[in-house]
Amino acid sequence: MPEIAWDAKLYDKQHHFVSDYGADVLQWLAPKANEHILDVGCGTGQLAAQIAESGAIVLGTDASADMVANAKTAYPNLNFEVVDGTKLPYQENFDAIFSNATFHWIENQNALVEGLLRSLKTGGRLVAEFGGKGNVKSITDAIKSAAEQLGFADRVLTDFWFFPSVSSYSSLLELKGFEVEQIWLFDRPTKLIGEEGMQVWISQFAQHAFKNITKEQAEGIKKLAVEILKPNYFINGEWVADYRRLRVKAIKK
Ligand code: BEZ
C-alpha cells in the first residue's frame, strides 16, 4: 500500500461521500440477520454500522489504527480490528465480505484475493466497489502535466493505485477460485466539498505522488494541477472529480 497518513476526522468531514456512495453498493450485498460479514477497509465504520442494522454480525477491519479507533468510538457495540488487507487471518469464517473504496489502495492483489477467498465459507459472496480503469484520470493527468511544466516529471509518481479493467479483474478473481456473478464499470462524477476541494483531495489522497520532492515543490505542483483542472472540473462553483467505479459480486466456488 502506498504510504498515506489517514486523518479519520478530516476524512469524515471532507470526504464523507465515500461512505455516502457506499450505501448504494450495500444493495448488492443484501445482508441478512445472523450472517457473519467482514467489512474490509471499514474506515470510520459507517457502512459496517449500516450492515449491522440488518441483524448481521459484522467485523470491520482497516489497516489504519486511527480509522479503527474512530470506528470503535462511534460504534462501541460493533467489532473492529486493525488488519492489513493482504494478511487476513480468517479461515472460512464469513458468509459474505464487503468492501468499499479500499481495494485500489492495495498493491499485493494476489495476497488480498487469496485472503478474501480463504476468509469466506464455500458459497459465500464478495461484494466490492473501488476505482476502475480510468478512475481520476483527469486528476493524475493534471498532476503529471504540472510536474512536467515545473521540471519534476521524473520524480512525481501517479501510478500507485490499482484501477483494473473488467476483464483483468474478472480474470484475477476466477484464477483464484471465485465465480464472477456481476461486474460493472461506470462513471460516477463525484462532487468535492468547497472551493478548496480539489486541492484538499490531492493533498489527502495523492500524497504518495510527492514523496520524492520537498513540501514546497509539491505545493507548487498541486497549485498548478488545480489551475489545469479548473476550467473543466470546477462547475457552477463546485469541484467534480472524474471517479469511475468497478463494482463486483463474486461467489466462492
Ligand atoms: C476512489 O475512491 O476512487 C479513490 C479515492 C482516493 C484516491 C484514489 C481513488
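One-based numbering, in listed order, for ligands and for the atoms of each. All values derive from a computational prediction rather than experimental measurement.
Nearest-residue assignment for atom 8 (C) of ligand 1 (options Phe103, Phe130, Trp161, Phe160; heavy-atom criterion): Trp161. Comparing Asn100, Thr102, Thr190, Asn135 against atom 9 (C) of ligand 1, the shortest heavy-atom distance belongs to Asn135.
In summary, the aromatic rings of Phe103 and Phe163 are positioned with their centroids too far apart to meet the 6.0 Å limit. Here Phe160 and His208 bring their ring centres to under 6.0 angstrom of each other.
Of all the heavy atoms of Trp105, the ones lying under 4.0 Å from any atom of ligand 1 belong exclusively to the side chain. At a heavy-atom distance under 4.0 Å, only side-chain atoms of Tyr243, from C-beta outward, approach ligand 1. Contacts between Trp201 and ligand 1, counted as non-hydrogen atom pairs separated by less than 4.0 Å, involve the side chain only.
Between Gln91 and Arg118, the closest side-chain pair of non-hydrogen atoms falls below 4.5 Å.
Not close to ligand 1: Val136, with no non-hydrogen atom less than 4.0 angstrom away. For Arg244, the heavy-atom gap to ligand 1 stays at 4.0 angstrom or more.
Between Phe130 and His104, the ring planes lie tilted relative to each other; the angle falls in the 30° to 60° range.
Close approach to His104 involves these atoms of ligand 1, each under 4.0 Å from a residue heavy atom: 1 (C), 2 (O), 3 (O), 4 (C), 5 (C), 9 (C).
Figure legend: cation-pi geometry between Arg247 and Trp28, with NZ or CZ positioned under 6.0 Å from the six-membered ring centre and within 45° of its axis.
Nearest heavy atoms, Val226 versus Ile202: CG2-CD1, 4.3 Å.
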